[in-house]
Novice: 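Would you mind keeping the following structure in view while I ask a few things?
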Amino acid sequence: MSEYITIKGSRGGLRVQILDTCEWNDAFLALQKQLRDGAALMHGMKLSLDLGQRELSPQALDELHEVMRTYQTEPVDILAESRTVRAEARTAGFIAKPPMPKIDTSAPEPTSSVLTRTVRSGQILRHHGDLVVLGDVNAGAEVIASGSVVVFGRVRGVVFAGAMGDRLAVICAIELSATQLRIADLRARAPEDQGQKTPEIASIEDNHIAVHAWHDYRR
Amino acid sequence: MAKVITITSGKGGVGKTTSTANLGTALAMLGKKVIVVDADIGLRNLDVVLGLENRIVYDLVDVIEGNCRLRQALIKDKHNGELYLLPAAQTKDKDAVSQTEMIELVDQLRSEADYVIIDSPAGIESGFKNAIAGADEVIIVTTPEVSAVRDADRIIGLCEAAGKGHPKLIINRLRPKMVRNGEMMSVEDLLQILAIDLIGIIPDDEAVITATNRGEVLVLDKASKTGKYYIDIARRILGENIKIDPIEDNPSLLERLSGMFQSKR
């Protein structure tokens with residue numbers, strides 16, 4: 001993540017806050033990079049862009065709309081203090097709203113979450129932060145999180161941890177027989193032979209994804 | 001008011017129609033008034049399996065479009081006076097019906113019977129969505145093959161998303177010998193993956209094919225073991241507490257001998 005933008009998980013999606021005080025160009029480039037790097041997580045999520053008190057030209061808003069359309073499947077909301085910016089954002093094709101009341105900023109930004117369910121084939125679970133799944137992740141299912149993913153069950157599907165680029169994220173499971181593992185920018189395919197039946201942890205080591213039995217994992 | 005149960009699977013050819021026909025007949029034999037509905041519009045099959053093909057005048061789409069009254073389209077089974085079929089249209093396709101229309105139709109059927117069993121088409125598209133739209137419960141049929149199980153898993157997720165709760169599972173075409181030899185997924189393997197309640201196991205049985213081709217259903221054959229398994233499922237649908245026993249076949253002499261040698265090692 002960059003100094004120009006911060007991302008918060010909110011009910012029903014992600015809120016991207018753009019620093020009030022920096023140059024728009026810097027923030028805009030940082031935003032594009034984030035959209036590119038975090039595409040797997042952000043692509044299907046509802047985004048709102050919080051511009052705060054920043055004033056933006058109609059031209060810049062058009063440009064922004066163009067970029068958001070390339071990266072996002074869901075419509076993007078613009079949150080802005082300025083009434084003129086909101087009006088122009090609507091002209092550019094956004095849904096514009098006044099910013100939400102300031103959330104208590106002392107709370108940790110990405111949230112941790114525990115989900116009790118079986119993630120089934122065709123289902124995608126997206127989460128900003130660390131995620132614990134109490135249940136199985138079946139073949140054909142995907143779990144994507146910006147933090148680490150812990151599955152208290154069997155993983156047979158695809159798990160993507162550190163989906164916004166965090167290379168320190170790990171994937172743990174009671175039985176890790178994933179079809180594919182992804183951490184940050186790296187990808188690993190399951191070995192052809194049957195996986196271990198003991199709990200395992202996958203993490204990045206020397207620029208590749210390594211899987212260790214939980215008792216061998218260096219803490 | 002009838003209970004509405006949809007039989008579905010995701011993958012084609014795993015035994016949805018056979019199960020619908022047998023369960024519908026079994027419930028009727030147990031004294032319930034049953035309507036089986038073929039929701040596979042454009043690929044109608046249930047009438048053939050029940051041997052009622054030549055009695056069709058009106059179909060499901062005719063009822064929805066108002067070309068006939070509901071009772072005119074219901075065909076009485078030739079063996080059982082308590083069983084009726086609402087056939088699918090063969091000359092239309094899935095888009096001929098909407099989910100709202102299907103729910104309205106199902107609500108009309110509720111007052112006509114004790115049980116309405118809907119035979120869903122394969123797939124996850126509009127035909128499937130129509131078939132589960134009006135259902136109170138869903139039963140998933142799968143065979144012990146990875147592809148069928150993967151599709152069943154997907155369908156379970158879709159049923160849960162549609163607010164139909166946890167479906168029940170029928171495992172069809174189990175071959176005990178192959179399971180023993182480790183060549184087929186076992187009931188336990190399947191339940192571990194799908195994590196839903198089992199309502200019955202049906203063995204692989206050639207008699208199903210011959211019965212289907214004759215337009216008869218197996219449950220009518222008192223001597224058929226497979227028919228008995230379907231009747232057990234029907235009893236479980238009625239709320240009876242019948243234990244699900246593992247399917248046994250008779251191991252060949254050779255198998256029993258090799259089993260003896262293995263146990264001595």
Side-chain angles (χ1 to χ4, degrees), chain A residues 11-13 44-46 73-74 113-127 131-145 149-160 173-180 189-200, chain B residues 6 8-12 14 120-129 131-132 138-169 171 181-198:
Chain A
R11 207 170 342 156
M45 271 187 145
K46 174 89 185 133
T73 44
E74 299 288 311
S113 181
V114 180
L115 270 168
T116 309
R117 60 179 280 197
T118 306
V119 192
R120 299 185 182 278
S121 175
Q123 295 177 329
I124 302 183
L125 220 60
R126 288 190 176 84
H127 179 72
L131 181 63
V132 178
V133 179
L134 296 182
D136 293 349
V137 177
N138 280 355
E142 285 179 41
V143 173
I144 304 172
V149 177
V150 177
V151 180
F152 210 81
R154 294 176 200 84
V155 174
R156 303 191 189 83
V158 175
V159 178
F160 186 0
I174 300 287
E175 189 185 315
L176 194 57
S177 324
T179 22
Q180 238 186 57
R189 187 169 45 78
E192 295 298 330
D193 55 328
Q194 281 292 308
Q196 291 289 316
K197 294 283 189 246
T198 55
E200 290 178 305
Chain B
T6 297
T8 187
S9 68
K11 191 174 180 297
V14 295
S120 156
I124 56 172
E125 296 81 11
S126 62
F128 157 74
K129 287 178 185 153
I132 64 160
V138 178
I139 293 180
I140 311 245
V141 183
T142 190
T143 56
E145 294 163 273
V146 277
S147 50
V149 174
R150 180 77 61 94
D151 291 0
D153 190 43
R154 177 97 168 97
I155 289 285
I156 297 166
L158 293 172
C159 290
E160 285 168 357
K164 300 292 169 193
H166 287 288
K168 300 271 196 304
L169 184 70
I171 298 174
N181 295 343
E183 294 162 344
M184 181 178 263
M185 294 168 94
S186 69
V187 172
E188 291 72 29
D189 293 339
L190 278 154
L191 291 179
Q192 194 193 60
I193 294 174
L194 298 177
I196 56 172
D197 289 340
L198 186 65

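Lettering of chains follows the sequences in order, A, B, ..., and the numbering in each one begins at 1.
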Novice: Give, for atom CD of B:Gln192 and atom CG of A:Asn138, the distance between the pair rounded to the nearest 0.5 Å.
Specialist: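 The distance works out to 9.5 Å.
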
Novice: Determine the minimum heavy-atom distance between B:Ala195 and A:Thr118, stating which atoms define it.
Specialist: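 Closest heavy-atom pair between B:Ala195 and A:Thr118: CB-OG1, 4.1 Å.
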
Novice: Can you say whether A:Arg117 sits under 4.5 Å from chain B via the side chain, the backbone, both, or neither, judging by heavy atoms?
Specialist: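 When you check distances to chain B, no heavy atom of A:Arg117 falls under 4.5 Å.
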
Novice: Tell me every residue that passes side-chain contact (heavy atoms from CB on, under 4.5 Å) with B:Leu191, counting only those two or more places apart in sequence or in another chain.
Specialist: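 By the side-chain contact (heavy atoms from CB on, under 4.5 Å) rule, B:Leu191 matches B:Leu169, B:Val187, B:Leu198.
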
Novice: Suppose a student defines contact as a heavy atom less than 4.5 Å from any heavy atom of chain B. Which residues in residues 120-127 of chain A would they list?
Specialist: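 Hits under 4.5 Å: A:Arg120, A:Ser121, A:Gly122, A:Gln123.
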
Novice: I'd like to check the salt bridge (Lys or Arg N to Asp or Glu O under 4.0 Å) partners of A:Asp136; sequence neighbours left out, ordered by chain and number.
Specialist: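 A:Asp136: salt bridge (Lys or Arg N to Asp or Glu O under 4.0 Å) contacts with A:Arg154.
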
Novice: Would you please name every residue forming a side-chain hydrogen bond (donor to acceptor under 3.5 Å, both in side chains) with B:Thr143, sequence neighbours left out?
Specialist: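 Partners of B:Thr143 by the side-chain hydrogen bond (donor to acceptor under 3.5 Å, both in side chains) criterion, ordered by chain and then number, come out as B:Glu145.
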
